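In what follows, a single structure is set out as C-alpha cells and then discussed.
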Amino acid sequence: MSQSSAVARKSAATRAVWRSLEFRLLVLLAVLSLYPLVAPGRYEMQFADLILVYIVIALGQNIVLGYSGQISIAQSALAAIGGYTCALLCMKLDCPFWLAAIISVLASTSCAAFLGLLTSRVRTHYLLLVTIGFHIVVLLLIINLVWLTGGPMGLYPVPKIRFGNYTVLTPSNYYYVYLPTALLLLYFAERIRTSRIGLAIFALKSNESAALTVGVAPRYYLTLTMALSGFYAGIGGVMFAFLVGFLGPESFGLLSALLYIVIVVLGGMGNNYGVVIVTVGLNLLSDHLKVLAESWVMIYGVLIMVTIGIAPGGLPELATKLVRQIFRARTSSGGVVTEA
Amino acid sequence: MTLILQVERLSKSFGGMRAVNALDFAIRRGEIRGLIGPNGSGKTTTINLLSGLLRPDQGTITVAGKRIDGLPAYKRAGFGVARTFQAPAVFKDLSVFQNVLVGGHSFESFGLKLRNVLFRQWSVLNRNADLVQRCMRSLEFVGLDHRAPALAGDLSYGEQKLLDLAKVLVCGPALVLLDEPAGGLDPSQVTQLKGIVARLRSSGTTILFSEHNVSMIMGICDEITVLNFGKKIAEGPPDTIKRHPEVIACYLGTKAADQ
C-alpha cells in the first residue's frame with residue numbers, strides 16, 4: 001500500500017518535472033541546437049541569428065504592450081541605444097565586449113525606466129504619443145551626431161563579439177551564443193508573467209482601481225515594465241549590432257518599431273510563445289516576399305486590422321477558434337452520416 | 001469599545017454638486033454598519049473616499065488611530081482597509097486563483113531593494129505556501145474553491161461579486177467596505193451573502209456596507225447611517241431608523257411621513 005503510494009508520488013513528481021517550464025525550454029534548446037547541422041547555407045544561418053535578435057526585442061515589447069497594455073513604440077529606439085552604446089564603447093574606447101554589453105544594457109534599461117517614470121501618469125494612446133516623441137528624438141540624435149554615430153552613413157565596421165581570446169566568427173558560432181540567450185530571456189519573461197510582478201501588471205491592465213485597492217502601486221509597476229522592455233531591447237540591440245556589423249539609423253526606423261507591435265498583437269498580447277512563433281513566421285514570410293520590397297509593410301497594417309477585427313486575442317485565439325470550428329463541423333457531419 | 005474608523009467633517013464636491021457634505025461618523029471594532037440612502041445620496045462617494053480612490057476636499061479619516069486621508073489608495077490596503085465594488089471588480093483575464101493571489105499583493109511587503117525586486121518577487125508565488133494557503137482559505141470562505149482554475153471572466157455575475165470579496169479578504173483586513181454587495185444577486189445568493197457577512201463578523205472583521213435593499217440591511221446591521229444629499233440625516237439601530245420620520249420622508253415621500 002505504502003509502496004504503491006510512493007510509486008504514485010514518484011510518478012507525480014516525474015510528471016511535474018516533465019511539465020516544468022525549465023524542462024520544456026531545455027528540450028527546445030536541444031532540438032534547436034541541431035539547426036546548424038541541417039541549415040542549407042550561410043545565408044540561412046545568418047537569417048536564423050537575425051530572427052533570434054528580433055525575438056529578444058519582441059519579447060520586450062510583449063512585456064510592455066502585452067502584459068501591461070501600455071502602447072509603447074519606443075522599442076526600436078531603445079534597441080538603438082543599446083546597440084550604438086555597445087558598438088561605440090568597443091570601437092572608440094576598446095572596451096572589452098562583456099563590459100560594453102553590460103554598460104549598454106544598463107543604459108537602455110535606465111533610459112526606459114526614465115521614460116516609464118515620465119509617462120507613468122499617462123495611459124494607452126497618450127503613451128503612444130510620448131513614445132513616438134522619444135523615438136524621433138533618439139533617431140534625430142543618431143542622424144545628427146555625425147562625429148559620434150557616423151550619422152546617416154552609419155557605424156562600420158562593428159567588430160565581432162570577443163570573449164577573452166575567443167572571437168565569435170561564423171553565423172553558426174553566433175547561433176550558439178544567441179540561441180541560449182534568447183531562450184534564457186524567454187524563460188525570464190515567462191517567469192515574470194506568473195510572478196507577483198506579472199500578476200500585478202496584468203491586474204493593473206485589467207482593472208486599475210481594483211488593483212489599486214488591493215495595494216498594487218501603478219507608478220512603480222508601470223516604470224518596472226518599461227524598464228524591463230528596455231532591458232530586452234538593449235540586449236537585442238547589442239545582438240543586432242555585433243551580428244550585422246553595421247549600424248545605421250534605418251535599422252531602427254519607425255517601421256521596425258511598428259513591426260514589434262504587429263508581432264505582439266498577432267502573437268496574442270502577453271503570450272510569449274505566440275510572440276516567438278509570430279516573429280519566426282513573419283520573418284520567413286517577409287523573406288519570401290522580398291520582391292514586394294517596401295510595400296510589404298502594407299501587409300502589416302492589413303494584418304493588424306484583420307486580427308483586431310476577427311480575433312483580438314491574436315493568432316492563438318484564431319487557431320483555437322479554427323480548431324473548434326473544424327471539430328464542430330466534423331461532429332455535425334458525423335451526425336448526418338449516422339442518420340442516413 | 002475601541003473605534004476602528006472615525007470620519008470627521010468629510011466633504012467632497014464634483015463641480016458645484018456637494019456629493020458628501022461635512023459627514024461625521026464613527027464605527028466600533030467588530031460592528032456591522034449599514035450605509036443607506038436614496039440614489040445619489042453619496043454612499044459610493046463615501047466609500048471611494050474611504051478607500052482612497054477619491055481625495056477628500058476636506059475632513060479627516062482615521063483608521064485604528066492613524067490618519068489615512070492623505071494616503072494614496074494602494075497604501076491603504078496595508079492599513080487593513082479593503083473594499084469591494086458595486087460592479088464586481090475582478091481581473092477577467094486572470095484565473096480565479098490568480099485573482100486572489102493579486103489580492104494578497106500586500107501580504108508581504110518587498111520595498112524597493114534590488115535584491116527583493118530581482119529575486120523574491122518572482123519566487124514568492126511558487127514557493128510561498130503560506131500565501132497560497134491563505135488564498136485557498138479565502139476562496140473556501142466564499143464558496144468558490146471549486147472554481148479556482150476557471151477564468152474569472154467566465155464566472156457568473158454573482159460569482160464575480162463573491163470573487164471580488166474573496167480577493168480582498170486574503171490579507172485579513174480589519175475593516176471591509178462593501179459597496180452594494182447584494183445588488184444584482186438572486187434571493188439564494190443574497191442568503192449566501194448574509195451567511196458570509198455573519199461569518200466575517202464572527203472572525204472579528206468590521207464591516208461597513210452600503211445597500212439599496214432595505215430589508216436585507218435591517219436584518220444584519222448593528223447600526224445604520226442614513227445619507228441624503230451627502231448629509232447624514234439619521235443614525236442608530238435598525239428599529240430606530242425604521243421609525244425615523246426623516247428617513248421615511250426621503251424614502252417614501254413627505255406625505256407618508258405625516259401619516
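Each chain gets a letter, A, B and so on, in the order the sequences are listed, and its residues count up from 1. Please read these numbers as outputs of a predicted model, since none were measured by experiment.
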Is [X] atom [atom1] crowded by more than 12 heavy atoms from other residues, nucleotides or ligands, each under 6.0 Å away?
{"X": "A:Arg123", "atom1": "CZ", "result": "yes"}
{"X": "A:Tyr273", "atom1": "OH", "result": "yes"}
{"X": "B:Phe91", "atom1": "CZ", "result": "yes"}
{"X": "B:Gln58", "atom1": "CD", "result": "no"}
{"X": "B:Arg199", "atom1": "CZ", "result": "yes"}
{"X": "A:Phe114", "atom1": "CZ", "result": "no"}

For the student: nearest non-hydrogen atoms of [X] and [Y], plus distance:
{"X": "B:Leu94", "Y": "A:Phe202", "answer": "CD2-CB, 3.8 Å"}
{"X": "A:Arg196", "Y": "B:His105", "answer": "NH2-O, 2.5 Å"}
{"X": "A:Ser206", "Y": "B:Lys92", "answer": "OG-N, 3.3 Å"}

- prompt: Considering only heavy atoms, which portion of B:Val90 lies under 4.5 Å from any heavy atom of chain A: side chain, backbone, both, or neither?
  reply: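 For B:Val90, backbone heavy atoms alone lie under 4.5 Å from chain A.
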Between [Y] and [X], is there a side-chain heavy-atom distance shorter than 4.5 Å?
{"X": "B:Tyr74", "Y": "A:Leu212", "value": "yes"}
{"X": "A:Thr213", "Y": "B:Phe85", "value": "yes"}
{"X": "B:Val102", "Y": "A:Val214", "value": "yes"}

